[in-house]
2 protein chains.
Amino acid sequence: MQTQRLAQIMQERGVRRTPQRLAVWRLFAEEPGLTIREAVRALEPAGIGQATVYRSVKALEGAGLLLGFPAPRGELRYAAVLDHVHLLVCERCRAVRRLHECRLGGYEAEVEQKTGYRVRGHTLVVYGLCPRCREGGEP
Amino acid sequence: MQTQRLAQIMQERGVRRTPQRLAVWRLFAEEPGLTIREAVRALEPAGIGQATVYRSVKALEGAGLLLGFPAPRGELRYAAVLDHVHLLVCERCRAVRRLHECRLGGYEAEVEQKTGYRVRGHTLVVYGLCPRCREGGEP
DNA sequence: GCATACCTGATAAATCTTATCATCTCGCGG
DNA sequence: CCGCGAGATGATAAGATTTATCAGGTATGC
């Protein structure tokens, strides 16, 4: 995913750009749907300490560059995002796709009006089976 | 929330109905937005062991009676649900409201068609500020 | 470039989560 | 209504995850 735009966004949001954070973000961009712990293990060989991974995930999530979503078994998994996206998650093999269309603007406005809340955003995760798992093939 | 329907659903989905599980579910119904650990502490005085709380949450979540959602700081919080609902979460005081309208059926169908996935469901969480926090009042 | 506020890695400490096992109980069938 | 057995519970221990600490390093603004 666009490393260019990533740098820009980090700058804008006051998130310091370090090699470690870039590595963390890139990992979640290449393999969306990892848990933090899995990321720790994946980045260990690169010499990135576990505390750094935890801290980076928090920083990136706070800046809206990582999106967390609940997976079966009570796991919290993350995916790298740049703009607002919806996630499409395969329940079997955990493949994650990003859906770039969002037509919930009207829904948000309606919720604001009906509830008195000030809506700031939303997270939509769609669960299902990817084409391959759907056919009963290997994940 | 309707304890009646709860019993029915547990029966239907083969989830054994025990006083502990009912207590766990009721807690998340009365105070949606707790973490598991907070639930453990809340139910300790009632003599419910922590292992039981963890196991109950898993069982109830598996049966679709609890819904997990990611909160700031990387926390996974839960709310009791009976039917499919969307959650409206206050980012400041963490109040949780359930929204019973869902107009994403068409969206799901569209996603199926465009991606080849077999869609089985979705989770939508809307974030914002509740009326009180919106005014800058106390949570 | 320089200063400094912030980040990092290593380690230890604190928390959270799961496993184990003896006992208990829910839900079914008689 | 009662007894049976699969499954649930509680207490505790063991294991795993997450955070705190601190000395040193490095991105960023001037």
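Here the structure is a predicted model, which is why all the values come from computation and not from measurement.
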Could you list, one pair per line, each protein nitrogen or oxygen that sits under 3.5 Å from a nitrogen or oxygen of nucleotides 25-30 of chain D, together with the distance?
{"unit_1": "D:dA27", "atom_1": "O3'", "unit_2": "A:R17", "atom_2": "O", "d": "3.4"}
{"unit_1": "D:dA27", "atom_1": "N3", "unit_2": "A:R16", "atom_2": "NH2", "d": "2.7"}
{"unit_1": "D:dT28", "atom_1": "OP1", "unit_2": "A:R17", "atom_2": "N", "d": "2.9"}

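In this structure, the nucleotide among D:dA11, C:dT17, C:dG9 sitting nearest to the side chain of B:Q50 is C:dT17.
Taking atom CD1 of A:I36 as the reference point, atom P of C:dT17 lies 13 Å away to the nearest angstrom. Straight-line distance from the CD atom of B:E44 to the P atom of C:dC16: 11 Å, rounded to whole Å. Residue B:I48 contributes atom CD1, which lies 11 Å from atom C1' of D:dG10 at whole-angstrom precision. At whole-Å resolution of the value, CG in A:L76 and C1' in D:dA16 are 16 Å apart.
Using a 4.0 Å cutoff on non-hydrogen atoms, no part of residues 56-70 of chain A comes near DNA chain C.
Side chains of B:Q8 and B:E12: a donor on one and an acceptor on the other come within 3.5 Å.
Once rounded to the nearest 0.5 Å, the distance linking OH of B:Y78 with OG1 of B:T35 reads 9.5 Å.
Distance alone, capped at 3.5 Å, is enough to place a donor-acceptor pair between the A:R77 side chain and the A:G33 backbone.
Residues A:L104 and B:V125 fall into different hydrophobic clusters, defined by Ile, Leu, Val, Met, Phe, Trp and Tyr side chains chained together at heavy-atom separations under 4.5 Å. With hydrophobic clusters built from ILVMFWY side chains whose heavy atoms lie under 4.5 angstrom apart, A:Y54 shares a cluster with A:V15.
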Mind running side chain to side chain contact (heavy atoms under 4.5 Å, CB included) on A:L67 and A:F28 for me, showing each step along the way? CA-CA 10 Å; A:L67 181 60; A:F28 281 105; over 6 Å; no
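A salt bridge is defined here as a Lys NZ or Arg NE, NH1 or NH2 lying under 4.0 Å from an Asp or Glu carboxylate O, and A:K114 with A:E110 meets this definition. Ion pair B:R73/A:E61 not flagged as a salt bridge, since none of the NZ, NE, NH1 or NH2 atoms sits closer than 4.0 Å to an Asp/Glu carboxylate oxygen.
Partner of A:Q50 under the side chain to side chain donor-acceptor pair (under 3.5 Å) criterion, out of A:E44, A:R41, A:R37: A:R37 alone.
Put simply, B:R21 has a side-chain N or O that comes within less than 4.0 Å of OP1 or OP2 on D:dA8. Contact check, A:Y54 against D:dT18: a side-chain N or O comes under 4.0 Å of OP1 or OP2.
Aromatic ring centres of A:Y107 and A:H122 lie farther apart than the 6.0 Å criterion allows.
At the heavy-atom level, B:G47 lies under 4.0 Å from the strands shown only through sugar-phosphate atoms. Among the atoms of the strands shown, none is found under 4.0 Å from any heavy atom of A:R73.
For C:dG9, the base has a donor-acceptor partner in the side chain of A:R55 [N/O atoms by modelled type, under 3.5 angstrom].
Comparing the end axes of the helix from C:dG1-D:dC30 to C:dG30-D:dC1, each fitted to five base pairs by superposing C1' atoms of four pairs onto the next four, gives an inter-axis angle of 70° (nearest 10 degrees).
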